[in-house]
Structures are given as C-alpha cells and as structure tokens.
S.K.: 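Before I ask anything, let me first share the structure, which is written out below as structure tokens.
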Amino acid sequence: MTPRKPWREMGLTDSEYDMVLKIMGREPNRVELGLFAVMWSEHCGYKNSRPLLKLFPTDGPRVIEGPGENAGVVDIGDGQALVFKIESHNHPSAIEPYQGAATGVGGIVRDIFTMGARPIALLNSLRFGTLDNERNRYLVRGVVAGIGDYGNCLGIPTVAGEVYFHPSYEGNPLVNAMCVGLVNTAEVIRAIAGEVGKPLLLVGAKTGRDGIHGATFASEELSAESESRRPAVQVGDPFMEKLLMEACLELINEDLVAGMQDLGAAGLTSSVAETASKGGCGVVIDVEKVLRREEGMTPYEVMLSESQERMLIIPREGAADRIQEIFDKWGLDASIIGHITDNGMFTIQEGDQIVGEVLVKALTDMCPVYHRESRVPDYYTRARLFDLESIPHELDYNNTLCDLLNVPSIASKKWIYQQYDHQIMTNTVVVPGNGDAAVLRIKGTNKGVAVTVDCNSRICYLDPYKGGMWAVCEGARNLACSGARPLAITNCLNFGSPEKPDVYWQMDQAVRGMAEAARVLQTPVVSGNVSLYNETRGGKAIYPTPVVGMAGLLTDVSKRLEMAFQDPGDYILLLGEVRDDIGGSEYLCLAHGVESGAVPDIDPADEAKLIELILSLNEKGLLKSCHDISEGGLAVCLAESAIKGNIGAEVKLALEPGQRCDGVVFGEAPSRVVVSASPQDLDGISAKGKELNVPVTVIGKVVGQYLEMAVDDQVIIRQEIGKLASIWGRAIECQMD
C-alpha cells in the first residue's frame, strides 16, 4: 500500500516537503504543514513568476509605493495620491461564478482601503468561452451579477472594463477586478508590524470554514474534480464590507493605525506572516481569541480560513481600546488575537498550548523559486510563416462590417455595464461606452483621473512579446484618447501552467514586452497579481492574457475627450500611419476562420509620440473626439464614433501600392487613432503632427446618417447608422437570451 502523503493533498511537491523538513529540522504537524502549503503556493509565493516580475520598471517621479504593498500609490499633486491594483479570482469564479466574482471585488477593495484610501472606482477584465454554450452563459450571468451586486452595495461605481469571448477560456473564465482609491499622501498606511509587544487585532467579520485552502486551489489546474472544491470558494457580505471600510477609514482619520493588512488569500496565515516579515519580527497568535461563526473549528481551519471582510490591524501605542470602541460602534468584531515578538518565529497557540511554530522568513523569503524550462512552441513559428497572401482579397465589406459589430468581443457591453451603478459618488464624467477610458473628477480640484484595463489575448497568443507591448501601449493610448497623461500600471498575468515549457515561454516573452513598453512610455508597474494554472478541462492552456490596468491624470477635467463624432462638417483625421496589417485580426478570424499570421509590428516610441500629439492637441482645444483603432480596425472605429454621436461619416481612403484594401479597412495595427476637429483647426493639427513626426491624414467628414467608406474612389461600405447601432448595441443581449 502506497504511504499517504498529506503534503501533496495540500499542494506541496515531494521536493518542497523535503525543503520543509530541512528548514524545520523535524516533521511538521498538520498546522505547520498547512502554513507552508498556502504560503508556498503560487498565489501567495509567486515561486514561478518572481524572477520575471523583477524585469518590470517600478520606480518613477510619481511613485510613492511600488510592488510589495497591498496596492501601488502614485502622486497626483496637491497632496493627493491614487492607490490602485488589479487581482484575479479566476478559479473560484469557474466553480461558483456569483460568489467568486463578488469576493474578488471585495478582496481588491480591501487592498485599497487597507492603504488608507477611499475607493472611488472599480473596473474589471473578463474572459469567457463562446456564448453559444449554456454553461458559458451561466458563468457570464453569475459573474456579472456578483460584480454588480457587490460593488453596488458598497456604493463604489464600476466605471470601466473589457469583456472577451473565446473558446480558449472554455471552462476556465478569467475574472480580474481592479480598484482605484484616493488618499492624502500623508495618510498612506503600510502593512508593516510595529514594535515588540504591540498587539495584533483581528477586526471585521467572524471566521468560518469557507475558503480553506483557497490559495492552493487557485494555484492548480482545474479538473473534473474541481466542482467538489466548491467549499474553497469564499462567501461575501458586501454590507459587512461597507461597515468594515468605513470603520477602517475612521481609524485612519483619527491616526490610530501603525499597520494594516487585508485578510485575503491564505487568510490569517498570509496577513500575519507578510506583516511580520516586512517588519523583521515574530508573532504569537492565540486561535482561541479568534471570534468564530462555526463551532468546533480546529487551529488548522482558523489559520487557513479565507472568510471575507476581515482585516489585521497593528494599532499605534495605546490605541487598541479606541479601535475596539470604533468597531463596536459599527457593529463589528475587534479582538486582540496576539502580539509582536522579537524572535522571528510565527507561533500559534490554542490557549496555553503551542500548536505550531515556524520561522516567519521560512514562509516568505525562503519560499522556493523556480526557473522553469522555456521552449518556443511550434504554433508560433507556423503563425509567423503563415502566408497572408493566401487570404482572398475580395469580400462583401458591408456584410463584414455588420458581422464584426455583431461579434460579442467587439459589440457594445451595455447589457453588462447597465447592471453596474457607474455614477454613484457622482464623480464619473465619462461613463462606460462613451470613451476609451473612464474619467472621474477629483472633487474640490480641477483635476480628473482616467482609468482603463486592456489586453488583446489573441495577439498575445500569436506573439507574446509584441502582445505584452500591445497591452501596455493600448492602455496608455486609451488614456490619452480620454485626455489623460498615463501615470502607472498595475497588471494581472493570467497564464496556463508554468511547468509546461511553451506556457513559460509565453509568460517570459509577454513580461519582457510589457517591461520594455512600460520603460519607453515611462509608466512604471506599481502593483499586480499573477494567476497561473489557468487550463481548460482538456488540459489546454488559456490564451496568454496579461491584463494591464492603467491610471492617468487630467490637470483639467473639463478637457476630457470622448469617442462620439460631434458636429456636421467636422473633419475626420487619422493620426498615425495608414496600414494594412491583417495578422491576428478579428476580421481574419471571422471572415476567413484563421487565427494566425505575423502580428503587426509595434514600437512603443511611436506610441509615445502619438500620445504626446493627442495630449498637445487636446490641451489647445483642437480635438472634438478621439477613439483608438483596435479590434475590427478602422471601419469599426469609425462605426463606433458614428453610433455614439448618432451622426454619419463620409470617409475616403487611397491605397498605397501593394496595400490590401481589407487590411486598410479592418486591420488592427497599433499606434493609430481617429479624431474629429473643426475645419479651422486642421492646419494646427497638421503642424503639430509634423513637429512630433506623427503622420496626420484627413480621411473624411462628419455628415448625414450613413457611414460611407470609399477606397480609391469606389464606395465599399454604405450603412445607415441606426442599423449599425442596432446590431452593435444588441449583439450580446440577443446571444444571452
């Protein structure tokens, strides 16, 4: 009979268990083994991704706090800062979509107010399988409802996001939640343990058995047995979170907090270990003092529970009693569960009995780090060598445009965002669907902030290096198209199993591409999350999806930009090159059933010049609308601006020798935007374009009620705007019925 190996059931390998034995000098008991299992999981320990994360630029003149804290912090002037981060809740959402998504929102919100900031905006990046599958439609409904209900109950607006549908996410949806908060720079709180003897307070909700080993569950591939892991999915209570948020912000206002840490993945274990590790100290925890909502919980269950709406607080000297008074006022628990020591040990007691004792640094700094084998996958070479000239040039452009607008990944996401309250708090001045990024005012100032999330996963699959660049550049471009200067990045790296050489190669290349673009655009990475082992039940990895969340600053929020065409007679201009690349495009996939081809070249330096041009023109008041060219190419970009403005456009293009008409119309080459402007401003726009070495081409006028596109004097598209609006606006709703 094969001997039972409990560490494997907890997610540790045999070699990792051997490391534990060496560190401990003895066999660990169940509690101690559980601590190692969750802290050495990928979700907490980043053991497969840590070497790659070091490639990101993390410093900059506006960076107050970079990676390593609960969230990143960037200075926006006037003694204020933005606090933001994005995190995944993929595996829980695959098993229980409503609670998985809801608790994902709850967790990321706690990361923000843990830093002392009041959350002001939520965003999300979602990926599902195709909508012709009832299971996928069930996941969409559950995830959207979970996000909406939790955010709406908290009174935090959900202002922006992205949603894509592709077979690679079948059975493994991606649910990435981002939160943005506002804080006075003097009131930023960090998760660092204080002086020896200081008490540790556990505040908020009572502890239950939900979420035990959630961190290890999120660090393994989904399988047919995953449904049985439903107890690993936490259960959220947004009303409790609202009370917790207000209570914590009140503590900060009274300057009662020396350190604060959210209880997220790995629960009490992670929050205590990470806080102690940063402070270079030890801790003693008495599990009997942890208030519980279930009878008979063992020390193992208490330490590994991921029950929601809980925080760990290290009070300032003499502030513990006042903190307990405030939490009592808000109807929340606040109990002293332990204290800080100077011996570097994580000691767990049950009353007077020690039930576990581990070196703090063993759980954090001594987590194994893997440099995985990397191998270029065969598909990558095939895709680059694919002969795009084998694709027929002839097609019905009218029908192709309508078909593209009906693709759920391109179509309006109104069916989704109408379930979110995006104007609560009355700060949102560019709402979902109206611009390339959401824009919020900063009350009491002239400033505004723009926020976005972006990633083209098909591009990342075909060429991860370019795809990583693409995600960063598109995020920055979307902020500029809203009138904001990009400041900094948070990211969520969603990949398959790093133990597979081709997947690790994807991750390595994507991170290198992102890092290079971030350096050139001067947008440092200040926070983020890694979600690996995202695989379908057939064992096939998802498309690599390194989602970029980005924040930007408008010094004058009244100068914000939207995508809608404005007035008849305005000129329509293309900023950037007229290109005909079709590799990796939605058009190539939809019209020809091909997901292949060399990905269009991208140069972050070109992106930087384009961004500078947009911001300069907007500062001078020369732009009336701005919209970037992305999925669906120029034709879809024009259609969306016309639909949002409820006005037509007449566009005339001329092909350069050797260019493909379908590529010019539907190609998705980066570093290009469409703007509209008054006739008297054309000279100023052209002059600035020449100064910054960015091509500026007048391609048409805003006029009538049709979108008409002519190439080389031949009209290839003529569609009534109302018809296009109906297709684009109802595509997801129709397919969800």
S.K.: Is Lys466 reaching over with its side chain to a backbone N or O of Gly513, donor-acceptor style, under 3.5 angstrom?
M.R.: no

S.K.: Could you work out, with side chain to side chain donor-acceptor pair (under 3.5 Å) as the rule, every residue matching Asp333, not counting sequence neighbours?
M.R.: Lys206

S.K.: Of the options Tyr461, Tyr465, Phe495, Tyr380, which is the one that meets Trp505 in a ring pair (Phe, Tyr, Trp, His ring centres under 6.0 Å)?
M.R.: Tyr380

S.K.: Identify the two heavy atoms, one from Leu291 and one from Ser335, that lie closest to each other, and give their separation to 0.1 Å.
M.R.: CG-OG, 4.1 Å

S.K.: Evaluate the side chain to side chain contact (heavy atoms under 4.5 Å, CB included) criterion for residues Tyr17 and Glu27: first the C-alpha distance (whole Å), next the side-chain angles of each, then the deciding distance (0.1 Å), finally the verdict.
M.R.: CA-CA 9 Å; Tyr17 182 67; Glu27 288 191 4; 4.0 Å; yes

S.K.: Is a side-chain donor or acceptor of Glu309 paired with a backbone partner of Asp237 at a separation under 3.5 angstrom?
M.R.: yes

S.K.: Side chains of Asn529 and Ser88: donor-acceptor distance under 3.5 Å anywhere?
M.R.: yes

S.K.: Does the side chain to side chain contact (heavy atoms under 4.5 Å, CB included) test come out yes or no for Ser49 and Tyr504, once each step is laid out?
M.R.: CA-CA 9 Å; Ser49 51; Tyr504 192 77; over 6 Å; no

S.K.: Less than 4.5 Å apart, any side-chain heavy atom of Met345 and any of Leu359?
M.R.: yes

S.K.: Compare all side-chain heavy atoms of Ser277 with those of Leu363 and state whether any distance is below 4.5 angstrom.
M.R.: no

S.K.: Donor-acceptor pair, distance only, cut-off 3.5 Å: does the side chain of Arg127 make one with the backbone of His166?
M.R.: no

S.K.: If we ignore hydrogens and angles and just use 3.5 Å, is the side chain of Glu162 paired with the main-chain N or O of Cys455 as donor and acceptor?
M.R.: yes

S.K.: Taking the side chain as everything from C-beta on, heavy atoms only, tell me whether Lys47 gets closer than 4.5 Å to Glu16.
M.R.: yes

S.K.: With distance as the sole criterion, is a donor-acceptor pair present between the side chains of Tyr150 and Gln308 under 3.5 Å?
M.R.: no

S.K.: Identify the heavy atoms of Gln261 and Ser271 that sit nearest to each other, and give their distance.
M.R.: CG-CB, 3.5 Å

S.K.: Are the side chains of Val355 and Thr298 in touch, meaning some heavy atoms are under 4.5 Å apart?
M.R.: no

S.K.: Between His43 and Ser41, do the side chains contain a donor N or O and an acceptor N or O under 3.5 Å apart?
M.R.: no

S.K.: Ile86 and Ile108: side chain to side chain contact (heavy atoms under 4.5 Å, CB included), yes or no, with the steps?
M.R.: CA-CA 7 Å; Ile86 189 169; Ile108 197 65; 5.6 Å; no

S.K.: Would the distance check show the side chain of Asp454 and the main-chain N or O of Ala471 forming a donor-acceptor pair, the cut-off being under 3.5 Å?
M.R.: no

S.K.: Is a side-chain donor-acceptor pair under 3.5 Å present for Thr364 with Glu274?
M.R.: no

S.K.: For Thr130, does its backbone N or O pair with a side-chain atom of Asn136 as donor and acceptor, under 3.5 Å?
M.R.: yes

S.K.: Which atom names give the shortest non-hydrogen contact between Ser307 and Gly208, and what distance separates them?
M.R.: OG-N, 2.8 Å

S.K.: Can you name the closest pair of heavy atoms from Val360 and Ala273 and give their distance?
M.R.: CG1-O, 3.7 Å

S.K.: Nearest 0.5 Å, what's the OG1-CE distance between Thr114 and Met245?
M.R.: 11.5 Å

S.K.: Has the side chain of His89 got a donor or acceptor atom that lies under 3.5 Å from a matching backbone atom of Gly100?
M.R.: yes

S.K.: Would you compute the distance between atom CZ of Arg209 and atom CG of Leu304 and round it to the nearest 0.5 angstrom?
M.R.: 13.0 Å

S.K.: For the CE atom of Met303 and the OG1 atom of Thr269, what is their distance to the nearest 0.5 Å?
M.R.: 4.0 Å

S.K.: Heavy-atom distance under 4.5 Å between the side chains of Glu65 and Met115, does that happen here?
M.R.: yes

S.K.: Of all the heavy-atom pairs spanning Leu268 and Val302, show the shortest one and how long it is.
M.R.: CB-O, 4.3 Å

S.K.: Within this structure, what is the CD-CZ distance for the pair Glu241 and Phe113, rounded to the nearest 0.5 Å?
M.R.: 5.0 Å

S.K.: Just checking, any donor-acceptor pair under 3.5 angstrom between side chains of Asp149 and Tyr98?
M.R.: yes

S.K.: Any side-chain heavy atom of Ile489 sitting closer than 4.5 Å to one from Phe56?
M.R.: no

S.K.: Verify, without hydrogens or angle tests, whether Lys85 (side chain) and Glu69 (backbone) share a donor-acceptor contact under 3.5 angstrom.
M.R.: no

S.K.: For the CE atom of Met178 and the CG atom of Asp111, what is their distance to the nearest 0.5 Å?
M.R.: 12.5 Å

S.K.: Is any side-chain heavy atom of Val472 closer than 4.5 Å to a side-chain heavy atom of Glu516?
M.R.: no

S.K.: Answer yes or no: is there a donor N or O on one side and an acceptor on the other, between the side chain of Tyr138 and the main chain of Pro97, under 3.5 Å?
M.R.: no

S.K.: Does a side chain donor of either Glu535 or Asn172 reach within less than 3.5 Å of an acceptor in the other side chain?
M.R.: no

S.K.: Does Glu134 CD have over 12 foreign heavy atoms under 6.0 Å away?
M.R.: yes

S.K.: Would you say that more than 12 heavy atoms from the other residues, nucleotides or ligands in this model lie under 6.0 Å from the CG of Asp352, or not?
M.R.: no

S.K.: Compare every heavy atom of Asn343 with every heavy atom of Thr341, then report the nearest pair and how far apart it is.
M.R.: OG1-OD1, 2.8 Å

S.K.: With side chain to side chain contact (heavy atoms under 4.5 Å, CB included) as the test, would you mind laying out the steps for Asn124 and Val175 before giving the verdict?
M.R.: CA-CA 7 Å; Asn124 52 74; Val175 178; over 6 Å; no

S.K.: Who passes side chain to side chain donor-acceptor pair (under 3.5 Å) against Ser457, sequence neighbours left out?
M.R.: Tyr169

S.K.: Between Thr103 and Gln99, is there a side-chain donor-acceptor contact under 3.5 Å, judged purely by atom types and distance?
M.R.: no

S.K.: Kindly confirm or rule out a cation-pi arrangement of Arg372 over Tyr370, judged by NZ or CZ under 6.0 Å from the six-membered ring centre and within 45° of its axis?
M.R.: yes

S.K.: Please check if the side chain of Arg292 supplies one atom and the backbone of Met297 the other of a donor-acceptor pair under 3.5 Å.
M.R.: yes

S.K.: Do Tyr533 and Glu499 have a side chain donor and acceptor closer than 3.5 Å?
M.R.: yes

S.K.: Are more than 12 heavy atoms from other residues, nucleotides or ligands located less than 6.0 Å from atom CG of Asp365?
M.R.: yes

S.K.: Can you find a heavy atom in the side chain of Asn176 that is under 4.5 Å from one in the side chain of Val453?
M.R.: no

S.K.: Against Asn494, only a single residue in Thr545, Asn534, Asn90 fulfils side chain to side chain donor-acceptor pair (under 3.5 Å); can you say which?
M.R.: Asn90

S.K.: Determine, stepwise, if the pair Asp18 / Lys22 fulfils salt bridge (Lys or Arg N to Asp or Glu O under 4.0 Å).
M.R.: CA-CA 6 Å; Asp18 289 341; Lys22 186 175 181 180; over 6 Å; no

S.K.: First locate atom CD1 of Ile313, then atom CD1 of Ile336, and finally report the distance between them rounded to the nearest 0.5 Å.
M.R.: 11.5 Å

